[in-house]
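Have a look at the structure below, then the notes.
Numbering of ligands and ligand atoms starts at 1, following listing order. All values derive from a computational prediction rather than experimental measurement. Computed over heavy atoms, backbone and side chain alike; hydrogens, waters and symmetry mates excluded.
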Amino acid sequence: MPKITVIGAGNVGATTVQRLAEKEMGDVVMVDIVPDLPQGKALDMMEAGPVCGFDTRVIGANGYEETKDSDVVVITSGIARKPGMSRDDLLKTNAGIVKSVTEQVAKTSPKAVLIVVSNPLDAMTYVAHKVSGFPAERVIGMAGVLDSARFRAFLAMEIGVSVEDVHATVLGGHGDTMVPVIKNTTVAGMPVTEFIPKERLEAIVQRTRDGGAEIVKLLKTGSAYYAPSASVAEMVESILKDKKRILPCAALCQGPYGVPGLFVGVPAVLGRGGVERIIEMKLSDEEKAGLQKSVAAVKELCETVDKLMAA
Ligand code: APR
C-alpha cells in the first residue's frame, strides 16, 4: 500500500487528505504543528469511511515518525499574508517553514516525491529542491493544474459546455505572469477561438490570472482550497498509479523553453519517478515573450529567497 504524507492540516492540507482518502490512494499521514488538530481531523475522516465507502487509514501526527518512508509528500504548510506584512516578510516566513519541513521529510522519507503547494509556489519549490538535495525529478510544484482548471472552468461556463470537453494548458509562474497557451486550448478538439471572440478570451485569461485573488476577496479570511486540493490529488494519482499523465506543473526546466535551470510551470509527464519528461510545446512569439517575462519574475523571486534566507 503506498504511503502519502500531507504536511499542513489547514484548508488545503486537510481537503487534500480527504480527497486522497476517498480515492483510496494509499495510507495517508497528515502532519501539523498545532497539537491535536491533525489527529482530530484524521479521526473525523476515518469516521466518514463507513458512509463514503473507503477503508483508507488516515493518521494525524505532530511529528515525522509516522511519515517514515512515504512515497509522496505534499507540503501545504505556511501562512497567508496578514495585514501589514510585506511580500518579503511572507516570503521569508514561508521559506523558513518549507525549509524546516523539507529537512525533516528528506531525513524520514528520502525516496519520496515532493509536491509543494505553499506559496509563493515557484520560490517554495526552489527552496524544497535546494534543501532536500533530492534529484529535480522528485520535486514538483502544484500550480499549473490549478491554473489550467480555473481557465477551463471559466471557458466551459462561457461556452455552456461540459468542463470535460475543454482542454487547456497554462505555463509559466503561478501568478500574474502565467501564460495560457491559446493554440492548444480546445473544445472537443476544436480551437477555442471558434467559440469565443478574441476580446472575451482575453478577459477570461485575465480572470484566470486573478483567479486566486478573486477567491481571497470572496472568502476574506483565507485562500482557495477546493480546486487546489483537487489539483494535488490528480498529480498524486498520476504518480502513484504511474499513469504518466501530462500535467502542467512547476518542474526544474534546464533547456526546454530556453529556461536556464529554474522551477517554472511546464507540461510534464508524471509517473512513479515524479517528473519523467518535460514536453516542449510550440509557442507563438507572444507566448514565448510571455513565458520569458514569467521566467524573469520567478528568477527574481528565487534570488530574493536566497538573500532573505542568508540574512
Ligand atoms: N509544520 C507543519 N505545519 C505547519 C507548519 C510547520 N512548520 N507551519 C504552519 N503549519 C500549518 C498551520 O498550523 C496550518 O494548519 O499549516 C497549515 C496551513 O493551513 P491554512 O492556514 O489553512 O492555509 P491553507 O489555506 O491550507 O494554505 C496553505 O497553500 O495554497 C497555499 O497560499 C497557500 O501557502 C498557503 C498554503
Side-chain angles (χ1 to χ4, degrees), residues 5-20 28-42 44-45 59-67 70 73-83 85 87-109 114-128 131-132 140-147 149-150 173-176 178 210-233 235 249-250 265 301 305:
T5 286
V6 177
I7 316 286
N11 282 337
V12 177
T15 318
T16 298
V17 173
Q18 181 191 353
R19 294 191 190 283
L20 297 172
V28 190
V29 184
M30 175 165 43
V31 176
D32 202 285
I33 40 165
V34 179
D36 297 336
L37 176 76
Q39 290 85 348
K41 289 197 179 183
D44 193 8
M45 280 185 219
I59 298 163
N62 298 114
Y64 286 79
E65 209 172 294
E66 290 89 340
T67 71
S70 293
V73 177
V74 181
I75 301 177
T76 78
S77 46
I79 59 158
R81 193 158 144 186
K82 299 197 174 75
M85 202 175 188
R87 207 158 166 265
D88 278 1
D89 288 342
L90 176 77
L91 198 61
K92 191 169 182 182
T93 304
N94 279 358
I97 292 173
V98 170
K99 178 173 180 281
S100 75
V101 163
T102 304
E103 281 165 354
Q104 302 287 338
V105 169
K107 263 188 257 161
T108 39
S109 298
L114 298 185
I115 299 178
V116 181
V117 186
S118 310
N119 271 316
L121 191 273
D122 306 275
M124 293 307 110
T125 311
Y126 165 75
V127 170
V131 172
S132 64
I140 317 168
M142 186 294 292
V145 176
L146 171 62
D147 295 332
R150 285 182 172 146
H174 183 47
D176 308 339
M178 65 180 79
D210 299 335
E214 185 177 1
I215 304 281
V216 169
K217 204 167 157 213
L218 291 167
L219 297 186
K220 294 179 185 73
T221 55
S223 50
Y225 53 101
Y226 293 113
S229 57
S231 306
V232 175
M235 290 169 69
C249 45
L301 213 55
V305 168

Within-cut-off N or O pair, Ser118 and ligand 1, under 3.5 Å: no

Nearest-0.5 Å distance, CD of residue Gln104 to CD of residue Glu65: 11.5 Å

Closest protein heavy atom to atom 28 (C) of ligand 1, given as residue, atom name and distance to 0.1 Å: Thr76 O, 3.0 Å

Heavy-atom pair with the smallest gap, counting every atom of Tyr226 and Arg19: O-NH2, 3.0 Å

Side chain to side chain contact (heavy atoms under 4.5 Å, CB included), paired with Val6, selected from Val31, Ile115, Leu20: Leu20

Subset of ligand 1 atoms that lie under 4.0 Å from at least one heavy atom of Val117: 29 (O), 30 (O), 31 (C)

Mode of Ile33 contact toward ligand 1 - side chain, backbone, both, neither (heavy atoms, under 4.0 Å): both

Closest protein heavy atom (residue, atom, distance) for atom 18 (C) of ligand 1: Gly78 O, 3.5 Å

Ligand 1 contact by Pro228, heavy-atom criterion under 4.0 angstrom: no

Part of Val12 within contact of ligand 1 (heavy atoms, under 4.0 Å): both

Minimum side-chain heavy-atom gap Ile59-Val28 below 4.5 Å: no

Which residue and heavy atom of the protein sit nearest atom 11 (C) of ligand 1, plus the separation: Asp32 OD2, 3.2 Å

Polar atom proximity, Val31 to ligand 1 (N or O, under 3.5 Å): no

Nearest protein heavy atom with distance in Å, relative to atom 7 (N) of ligand 1: Ile97 CG2, 3.7 Å

Partners meeting side chain to side chain donor-acceptor pair (under 3.5 Å) with Thr5 (sequence neighbours left out): Ser70

Closest non-hydrogen atom pair between Gly78 and Ile97, with its separation: CA-CD1, 3.9 Å

Atom 23 (O) of ligand 1 touched by protein heavy atom at under 4.0 Å: no

Any side-chain donor near an acceptor of the partner, Asp122 and His174, under 3.5 Å: no

salt_bridge(Glu103, Lys107) N-O dist < 4.0 Å: no

For Val34, the ligand 1 atoms whose distance to one of its heavy atoms is below 4.0 Å: 13 (O)

Which residue and heavy atom of the protein sit nearest atom 19 (O) of ligand 1, plus the separation: Gly10 CA, 3.2 Å

The single option from Val73, Ile7, Ile75 passing side chain to side chain contact (heavy atoms under 4.5 Å, CB included) against Thr102: Ile75

Closest protein heavy atom (residue, atom, distance) for atom 16 (O) of ligand 1: Ser77 CA, 3.5 Å

Asn62 versus Val34, closest heavy-atom pair with distance: ND2-O, 2.9 Å

Nearest neighbour in protein (non-hydrogen) for atom 32 (O) of ligand 1: Asn119 ND2, 2.9 Å

